[in-house]
Undergrad: 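First, the structure itself, so that you have it in front of you.
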Amino acid sequence: MSRPTERVTIPPLVRRGFGAAQAVSPSLAVRVAERLFFTPPRTASSTDTEDFLRTGRQFSLLADGRLVVGWRWGSGPVVYLAHGWGSRGGRLAAFLAPLVAAGHAVVTWDAPGHGASGRGMSSMPEFARALAAVVANQGPAHAIIGHSMGASATALAASWGVTAGRFAFIAPAANPGHFATRFATALGARPEVMQGLRDRTEKRLRFSWEDLDVPTIAAGMTAPLLVVHDREDLTVPFSEGQRIAAAWPDARLVETRGLGHRILVRDPKVVGEVIEFVTGIECADVMAMTAEHSRLERYLFQRDGRLDGWAA
């Protein structure tokens, strides 16, 4: 129920410490594993990002007891932007100006345990509950654009009844729960400890790990879906986007190359493709709007290389 990735790196000191805890007390090891597995990385927000977010109308709410802080721009039918694991709502800023220019309100937020929404653990169900609470607070969704974990959680929220006219998933994970196997191997966790982790988190989150398979969820969806995924994505394999698109009854898959997992959300062609799908505006016009605001994109995203293997 945490974030997906092909590569899991556990610092040697953490692995040794966990091994000692596991030998002394399996119940302690379960609690440590839970904290490691479900805690997103903290990534510092740049001054430029904070300045950008201040241009929106900030709001806050509680989603299942967790603080969620969000921002809203523009007016018209609402398009929601759902960020990925270890990220922030501001990471999807490249979509803002074209959507507002096209006559849409835009809403984004920091998921529980991320950014302005505070510290602590998080998970795919908590991402989905936050989305449901934000939509209930901010109004019906014309469309929802999700990246990585944000896309997977959007599918989960849709299975609960969160509706939108259209969905756009960028580099979505087919089943973030599968990361647990790779995590357990990297950490050196015994099978009984991982079973304890599953049992403990299912009770805490009131959810089953088996219910997180996005292609299974997709089979029951009716709204149109656009999936954009890069062939060279090393964080969430391209095959996962393929599986989701194949299972969703009205879906189209767009393949890119050389953009990886993160550049997708700021690449002008991808932004144009997604916004054309969401708004119905011709791609050339969308590209013109995107180019007009390229300076905003540059100062938001061409900064000190804070991205690492933990952030989506």
Undergrad: Would you list the pairs meeting side chain to side chain donor-acceptor pair (under 3.5 Å) in which at least one residue belongs to residues 217-229, sequence neighbours left out?
TA: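 Of all non-adjacent pairs touching residues 217-229, those that pass side chain to side chain donor-acceptor pair (under 3.5 Å) are H229-D233.
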Undergrad: Tell me, please, which residues at least two apart from Q138 pass side chain to side chain donor-acceptor pair (under 3.5 Å).
TA: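 Residues passing side chain to side chain donor-acceptor pair (under 3.5 Å) with Q138: R72.
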Undergrad: Within the distance-only criterion (no hydrogens, no angle test), does the side chain of S117 pair as donor or acceptor with the backbone N or O of V69 below 3.5 angstrom?
TA: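 Pair found, side chain donor or acceptor close to backbone of V69.
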Undergrad: Which pair of non-hydrogen atoms, one from G241 and one from V227, has the smallest distance, and what is that distance?
TA: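 Heavy-atom minimum between the residues: O-CG1, 3.9 Å.
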Undergrad: So, taking the atom named CD1 in I145 and the one named CG in L226, what distance separates them when rounded to the nearest 0.5 Å?
TA: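 CG of L226 is found 9.5 Å from CD1 of I145.
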Undergrad: Among residues at least two apart in sequence or on other chains, which ones pass side-chain contact (heavy atoms from CB on, under 4.5 Å) with D64?
TA: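 Scan of D64 (side-chain contact (heavy atoms from CB on, under 4.5 Å), adjacent residues dropped) gives R129, R206.
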Undergrad: Can you name the residues that form a side chain to side chain donor-acceptor pair (under 3.5 Å) with R231, not counting sequence neighbours?
TA: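 In terms of side chain to side chain donor-acceptor pair (under 3.5 Å), with neighbours along the sequence ignored, R231 is linked to E255.
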Undergrad: What are the two closest non-hydrogen atoms of L156 and P125, and how far apart are they?
TA: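 Nearest heavy atoms, L156 then P125: CD2-CA, 3.9 Å.
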Undergrad: I need the I281 CD1 to E276 CD distance, nearest 0.5 Å.
TA: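 CD of E276 is found 9.5 Å from CD1 of I281.
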Undergrad: Applying side-chain contact (heavy atoms from CB on, under 4.5 Å), name anything that partners T216, two or more places apart in sequence or on another chain.
TA: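 If we apply the side-chain contact (heavy atoms from CB on, under 4.5 Å) test to T216, skipping adjacent residues, the hits are D213.
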Undergrad: Quick test of your reading of the model: are R198 and E34 salt-bridged, counting only N-O distances below 4.0 Å?
TA: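 The answer is no: the pair does not qualify as a salt bridge.
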Undergrad: How would you list all residue pairs meeting ring-ring contact (aromatic ring centres under 6.0 Å, His included) that involve residues 90-125, not counting sequence neighbours?
TA: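 Output for this query lists H83-H114, W85-H114, H104-H142, H114-F127.
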Undergrad: Which residues satisfy the side chain to side chain donor-acceptor pair (under 3.5 Å) test with R31, sequence neighbours excluded?
TA: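 So R31 forms no side chain to side chain donor-acceptor pair (under 3.5 Å) with any residue.
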Undergrad: Which atom pair, heavy atoms only, marks the closest approach of G84 to S148?
TA: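 Smallest heavy-atom distance, with atoms named: CA-CB, 4.3 Å.
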Undergrad: To check you understand the geometry: which heavy-atom pair defines the closest contact between A247 and P215, and what is its length?
TA: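 A247 and P215 have their closest heavy atoms at CB-O, 3.4 Å.
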Undergrad: Check P40 against S122 and note the closest heavy-atom contact, atom names and distance.
TA: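 Heavy atoms only, the tightest pair is CD-N, 4.1 Å.
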Undergrad: Strictly distance-based, threshold 3.5 Å: is any side-chain N or O of S208 a donor or acceptor partner for the main-chain N or O of E210?
TA: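 Looks like yes, one N/O pair under 3.5 Å.
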Undergrad: Drop me the distance from R266's CZ to H147's NE2, to the nearest 0.5 angstrom.
TA: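 Reported to 0.5 Å precision, the distance equals 10.0 Å.
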Undergrad: Determine whether a donor-acceptor pair (N or O, by modelled atom type, separation under 3.5 Å) exists between the side chain of R57 and the backbone of W71.
TA: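 No, the answer is negative, given that no donor and acceptor are paired below the 3.5 Å cut-off.
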Undergrad: Side chain to side chain donor-acceptor pair (under 3.5 Å) with R35: which residues, sequence neighbours excluded?
TA: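 Side chain to side chain donor-acceptor pair (under 3.5 Å) list for R35, sorted by chain: empty.
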Undergrad: So, Q22 side chain and G188 main chain: donor-acceptor pair closer than 3.5 Å or not?
TA: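 Confirmed, Q22 side chain pairs with G188 backbone.
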Undergrad: What is the distance from atom CG of L225 to atom CD1 of I244, rounded to the nearest 0.5 Å?
TA: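 Taking CG in L225 and CD1 in I244, the distance rounds to 8.0 Å.
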Undergrad: Which residues satisfy the side-chain contact (heavy atoms from CB on, under 4.5 Å) test with S25, sequence neighbours excluded?
TA: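 Checked S25 against side-chain contact (heavy atoms from CB on, under 4.5 Å); matches are S27, L28.
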Undergrad: Tell me if a side-chain donor or acceptor on S75 pairs with a main-chain N or O of A105 at a distance below 3.5 Å.
TA: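 The answer is no, because no donor-acceptor pair under 3.5 Å joins these two groups.
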Undergrad: Sort and list the pairs that fulfil salt bridge (Lys or Arg N to Asp or Glu O under 4.0 Å) and have at least one residue in residues 108-125, not counting sequence neighbours.
TA: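 Listed once each, the pairs are R88-D110.
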Undergrad: Would you please say whether a donor-acceptor pair under 3.5 Å links the side chains of T201 and W209?
TA: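 Note: T201 and W209 side chains meet the donor-acceptor criterion.
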Undergrad: Check L187 against A33 and note the closest heavy-atom contact, atom names and distance.
TA: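 Scanning both residues completely, I find the closest heavy atoms to be CD2-CB, 4.3 Å.
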Undergrad: Would you mind reporting whether V278 and V79 have side-chain heavy atoms less than 4.5 Å apart?
TA: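 Counting from C-beta outward, V79 and V278 do come under 4.5 Å.
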Undergrad: Could you tell me whether the side chain of E240 and the main chain of A173 form a donor-acceptor pair under 3.5 Å?
TA: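 Not confirmed, E240 side chain does not pair with A173 backbone.
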Undergrad: Got a sec, which residues hit ring pair (Phe, Tyr, Trp, His ring centres under 6.0 Å) with F167, two or more places apart in sequence or on another chain?
TA: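 Applying ring pair (Phe, Tyr, Trp, His ring centres under 6.0 Å) to F167 gives W248.
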Undergrad: Are E273 and R252 close enough that some pair of their side-chain heavy atoms sits under 4.5 Å apart?
TA: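 Yes; the side chains approach each other to less than 4.5 Å.
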Undergrad: About how many Å separate CE of M124 and CG of N175, when rounded to the nearest 0.5 Å?
TA: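 Going from the CG atom of N175 to the CE atom of M124 covers 7.0 Å.
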Undergrad: Run the side-chain contact (heavy atoms from CB on, under 4.5 Å) test against T256 and tell me which residues pass, sequence neighbours left out.
TA: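 So T256 forms a side-chain contact (heavy atoms from CB on, under 4.5 Å) with V228, D230, L259, L264, V270.
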Undergrad: Does a side-chain heavy-atom distance below 4.5 Å link F18 with V193?
TA: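 Yes, close enough: below the 4.5 Å cut-off.
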Undergrad: Between S123 and E126, does any side-chain donor sit less than 3.5 Å from a side-chain acceptor?
TA: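 Per modelled atom types, S123 and E126 side chains form a pair under 3.5 Å.
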Undergrad: Roughly how far, to the nearest 0.5 Å, is CG of L197 from CZ of R200?
TA: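 One finds 9.0 Å between CZ of R200 and CG of L197.
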